[in-house]
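Owing to the predicted nature of the structure, the values given are computational and were not obtained by experimental measurement. The sequence lines fix the lettering, A, B, ..., with proteins before strands; numbering per chain opens at 1. Quick note: numbers below take in every heavy atom, side chains included, and nothing from hydrogens, waters or symmetry partners.
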Number of protein chains: 2
Amino acid sequence: MSKNELLVVQEACHTALVAEPLSEIESEGLAHVFKALADPVRLRLFSLIASFDGGESCVCDLTPHFDVSQPTISHHLKVLREAGLVDSDRRATWIYYRVRPAALAQLSSLLAPAATR
Amino acid sequence: MSKNELLVVQEACHTALVAEPLSEIESEGLAHVFKALADPVRLRLFSLIASFDGGESCVCDLTPHFDVSQPTISHHLKVLREAGLVDSDRRATWIYYRVRPAALAQLSSLLAPAATR
DNA sequence: TGTCAATATAGACACATGTCGAAGAATGAG
DNA sequence: CTCATTCTTCGACATGTGTCTATATTGACA
């Protein structure tokens, strides 16, 4: 169900949301990605990670910016990762998260209004 | 609470989500807009409306494309409208919906990865 | 090995959300 | 003025989601 939702975005032939109607399948996958961005904590997490030096951050540098518990942060990071919006890898005790620029670019161009309108 | 969420997007100084961290306030407003797009039916509604000739459509032309009831369609259109993603006006018996290209453009540029990275 | 620090997972709970059918409001036709 | 049509609103219900605490896992280090 959620191997890598980013693929849905990438495989969507849609150059723009406004060009022609989405199929049911396309809309399911896209909704998954938007759902990942549809939470204030996740949005801030995402922009925080991207804003860190080097475009990446460990969880311990993110947590203090929020009023929610560490497990909740962990949960939100998982949602972002399963939507294909961020990647993570472990380095020693820490787990580093970084944004996937490709995912953003796909979404951005999908939302861009078609030029011929 | 939901006068016109589009304003939140427009007033956000962020040229990109990845440039600097979102404030709590900004993230609340943005999440509202993404939430509106985070449903398969609403995504298809949106792209359907945009794809109609003239970029607008009455509800009766949208409903037959879906398996859900007409009140449900009406509910989803309300969500899109309150997020500032579509506009509506009544002409005779029919109510026409059209997309707001400005909203899309704002979201698109917000998601576009910063060039200097 | 044992302990500590950093994250993840599990289970529970309150609240939000998508859906429906029924009823209400607005418009135009006759 | 009534009636049919189009759309919205209301109230209810099942499911989904964000949050917590408690517990597990992973790796570093003494």
Side-chain angles (χ1 to χ4, degrees), chain A residues 1-2 5 22 24 27-46 48-49 52 56-83 85-98, chain B residues 1-2 5 22 24 27-46 48-49 52 56-83 85-98:
Chain A
M1 172 62 81
S2 61
E5 299 294 344
L22 284 172
E24 292 193 40
S27 66
E28 300 267 353
L30 257 187
H32 234 256
V33 179
F34 280 121
K35 206 167 292 191
L37 291 173
D39 178 273
V41 173
R42 287 198 289 271
L43 270 179
R44 285 181 59 213
L45 270 175
F46 188 85
L48 248 184
I49 294 172
F52 263 82
E56 67 176 15
S57 161
C58 66
V59 181
C60 59
D61 285 337
L62 297 170
T63 307
H65 288 84
F66 298 86
D67 288 335
V68 300
S69 70
Q70 179 271 322
T72 298
I73 296 291
S74 192
H75 161 70
H76 285 308
L77 287 171
K78 183 179 185 178
V79 173
L80 288 174
R81 180 160 30 86
E82 287 183 346
L85 291 167
V86 303
D87 259 346
S88 68
D89 65 320
R90 164 162 244 146
R91 294 210 278 284
T93 315
W94 301 275
I95 298 185
Y96 286 80
Y97 283 81
R98 87 195 67 80
Chain B
M1 171 63 81
S2 61
E5 300 294 344
L22 285 173
E24 292 192 39
S27 65
E28 299 267 352
L30 258 186
H32 234 255
V33 179
F34 281 121
K35 206 167 293 190
L37 291 174
D39 179 274
V41 173
R42 287 198 289 270
L43 271 179
R44 286 180 59 214
L45 269 176
F46 187 86
L48 248 184
I49 294 171
F52 263 81
E56 66 176 15
S57 161
C58 66
V59 181
C60 58
D61 284 337
L62 297 169
T63 306
H65 289 84
F66 298 85
D67 288 336
V68 300
S69 71
Q70 185 271 324
T72 297
I73 296 290
S74 192
H75 161 70
H76 285 308
L77 287 171
K78 183 180 185 178
V79 173
L80 288 173
R81 180 160 29 86
E82 287 183 347
L85 291 167
V86 302
D87 258 345
S88 68
D89 66 320
R90 163 162 244 144
R91 292 211 278 285
T93 315
W94 301 275
I95 298 185
Y96 285 81
Y97 282 82
R98 85 195 68 80

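For the residue pair Phe66(A) and Val41(A), the shortest heavy atom distance occurs at CE2-O, 3.8 Å.
The shortest distance between side-chain heavy atoms of Leu62(B) and Phe52(B) falls below 4.5 Å. A 4.5 Å side-chain heavy-atom check between Arg98(A) and Asp89(A) finds at least one atom pair inside the cut-off. Within the 4.5 Å cutoff, no side-chain heavy atoms of Leu77(A) are placed close to those of Ile95(A).
Look at CG on Leu62(A): it is 13 Å from C1' on dA6(C), rounded to the nearest Å. In this structure, CD of Glu28(A) is placed 13 Å from C1' of dG18(C), rounded to the nearest angstrom. The CZ-P distance, from Phe66(A) to dC20(D), rounds to 12 Å in whole Å. Atom CG in Leu45(A) sits about 13 Å away from atom C1' in dG18(D), given to the nearest Å.
Among the nucleotides dA28(D), dC20(D), dG18(D), the one closest to the side chain of His76(A) is dG18(D).
Between the side chain of Arg91(A) and the backbone N or O of Thr93(A), no donor-acceptor pair lies under 3.5 Å.
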For this session: Going 5' to 3' through nucleotides 6-17 of chain D, assign each nucleotide B (protein heavy atom under 4.0 Å from a base atom), S (under 4.0 Å only from sugar-phosphate atoms) or - (no protein heavy atom that close).
Result: SBBB-------S
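Shown are Asp87(B), Leu43(B), Leu85(B), Asp39(B); of these, the side chain to side chain contact (heavy atoms under 4.5 Å, CB included) with Leu80(B) is made only by Leu85(B).
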